[in-house]
J.: 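Please find one structure pasted underneath; my questions will follow.
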2 protein chains.
Amino acid sequence: MRIAEEAAKCSLSVDTIRYYEKAGICPSIERGPDGNRRFSPENLDWLNLLAALRETGMPTKKMKYFADLYRQGDAKAAERKKVLKQHEMHLDLQQARLTKCKALLRHKLALYDQILGVKT
Amino acid sequence: MRIAEEAAKCSLSVDTIRYYEKAGICPSIERGPDGNRRFSPENLDWLNLLAALRETGMPTKKMKYFADLYRQGDAKAAERKKVLKQHEMHLDLQQARLTKCKALLRHKLALYDQILGVKT
DNA sequence: TACCGACCTAGAGCAGCTTCAGGTCAAGTG
DNA sequence: CACTTGACCTGAAGCTGCTCTAGGTCGGTA
């Protein structure tokens, strides 16, 4: 009786967590004698990271690649870092999109203000 | 012999444009006597807006709703404005996610620097 | 006339969840 | 002690939003 809480904590749905584990997108999660998942702090750290990566547009394929590197241990730490670095750059791209969209919306909304009169 | 260029201009794929038109997500696009689409400035303006909205996470259902309002004319202008306003707020949410992810990545990258030594 | 490139449509395929059907188990209730 | 309830489990089907494929049309060049 844990998964619902933990899911909420890291802003993933219960189903998404199960899906991620099954697909190897996150490292596998220990089970109790009842067959239910027992989340370790490490698990939570992972899920938190994955949630953040997903929310900012990382494809699951890349997340899986990252998880695969993790399973291969410290030898692959440098490569893992590279994946994160890459995503950091991707964030800038998204930032640009956000800014562009914001400007466009402001423009459109100004037009609506003209049409509608500035009541709202 | 137009769609490929126009698609590139508004950063949508040719297939996406066709899909949007067919699904009523954008207003329909005029055809020449050859059956090919002839994009009006208005069409381009729409596609540009849709591209920006999509890139920042608006679901197609909402885009379609917006297009439906447009087809209903000026009477629905206020409602259309509301949709855009709503998305403007959604942008802030995304901004927060971006910022949070950025902080998390910085933290993780710092840890990797410790493990790997600061070579990179 | 034959081919090439850019367009067209309908429909299949794919990613990333999300929902559903059917089942287990532990705890509380009459 | 049987029974219900609630949180978990699994495998598989369903949904969204494209993306790709197959098969075809049309206008221009060799």
J.: Would you please confirm or rule out a distance under 4.0 Å between OP1 or OP2 of D/dC15 and any side-chain N or O of B/K61?
T.: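 No, B/K61 has no side-chain N/O under 4.0 Å of OP1/OP2 on D/dC15.
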J.: Side-chain heavy atoms under 4.5 angstrom apart, residues restricted to Ile, Leu, Val, Met, Phe, Trp, Tyr: same cluster for B/M63 and B/L93?
T.: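 No; B/L93 is not reachable from B/M63 via cluster members.
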J.: Is any side-chain heavy atom of B/K62 less than 4.5 Å from a side-chain heavy atom of B/H87?
T.: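 No. Closest side-chain heavy atoms not under 4.5 Å.
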J.: Between A/Y65 (OH) and C/dA15 (P), how many Å, whole number?
T.: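 About 19 Å, once rounded to whole Å.
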J.: Rounding to an integer number of Å, can you tell me how far B/E21 CD sits from C/dC7 C1'?
T.: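 Computing the B/E21:CD to C/dC7:C1' distance gives 13 Å.
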J.: In terms of side-chain heavy atoms, does A/K102 have a donor or acceptor partner in B/Q95 at a distance below 3.5 Å?
T.: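 No, because no side-chain N or O of A/K102 sits under 3.5 Å from a partner of the opposite role on B/Q95.
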J.: For A/R18 and D/dA12, is the shortest distance between a side-chain N/O and OP1 or OP2 below 4.0 Å?
T.: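 For D/dA12, neither OP1 nor OP2 has a side-chain N or O of A/R18 closer than 4.0 Å.
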J.: What is the separation between atom NZ on B/K22 and atom C1' on C/dC7, rounded to the nearest whole Å?
T.: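 Atom-to-atom, B/K22 to C/dC7, this comes out as 16 Å.
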J.: For the pair made of CG in B/D34 and C1' in C/dC8, what is the distance, rounded to whole Å?
T.: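 Interatomic distance, CG of B/D34 to C1' of C/dC8: 10 Å.
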J.: Take the protein atom CG of A/N36 and the nucleotide atom C1' of D/dC8, then report the distance between them rounded to whole Å.
T.: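 Roughly 4 Å, once rounded to whole Å.
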J.: Once you round it to whole Å, what is the distance between P of D/dC26 and CZ of B/R38?
T.: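 Rounded to the whole Å, the gap is 14 Å.
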J.: Is a donor from one side chain sitting under 3.5 angstrom from an acceptor on the other, for B/Y112 and A/R80?
T.: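 Side-chain D/A pair, B/Y112 to A/R80: present.
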J.: Side-chain N or O of B/R31 versus OP1/OP2 of C/dT9: is the shortest distance under 4.0 Å?
T.: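 The answer is yes; a side-chain N or O of B/R31 sits under 4.0 Å from OP1 or OP2.
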J.: Taking the six-membered ring for Trp, are A/F39 and A/W46 ring centroids under 6.0 Å apart?
T.: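 No - the distance between ring centres of A/F39 and A/W46 does not fall below the 6.0 Å cut-off.
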J.: In whole Å, what is the span from the CD1 atom of B/I29 to the P atom of C/dT9?
T.: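 So the two atoms are 10 Å apart, to the nearest Å.
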J.: What protein N or O atoms touch nucleotides 18-22 of chain D N or O atoms at under 3.5 angstrom, if any, and at what distances?
T.:
unit_1 : atom_1 : unit_2 : atom_2 : d
D/dC18 : OP1    : B/R54  : NH1    : 2.9
D/dC18 : OP2    : B/Y20  : OH     : 2.8
D/dT19 : OP2    : B/T16  : OG1    : 3.4

J.: Going by heavy atoms in the side chains, are B/D74 and A/I115 under 4.5 Å from each other?
T.: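 Side chain of B/D74 against side chain of A/I115, heavy atoms only: no contact under 4.5 Å found.
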J.: B/P59 or B/P33: which one's nearest nucleotide on DNA chain D is closer to the 5' end?
T.: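 Checking each residue's closest nucleotide, the 5'-ward one belongs to B/P59.
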J.: Can you check whether B/R37 has a side-chain N or O nearer than 4.0 Å to OP1 or OP2 of C/dC8?
T.: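 Looking at the OP1 and OP2 atoms of C/dC8, one of them is under 4.0 Å from a side-chain N or O of B/R37.
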J.: Hey, what do you get for OG (B/S13) to CZ (B/R18), rounding to the nearest 0.5 Å?
T.: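 Those atoms lie 8.5 Å apart.
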J.: Could you give the CD1-to-C1' distance, from A/I17 to D/dA7, as a whole number of Å?
T.: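 Interatomic distance, CD1 of A/I17 to C1' of D/dA7: 14 Å.
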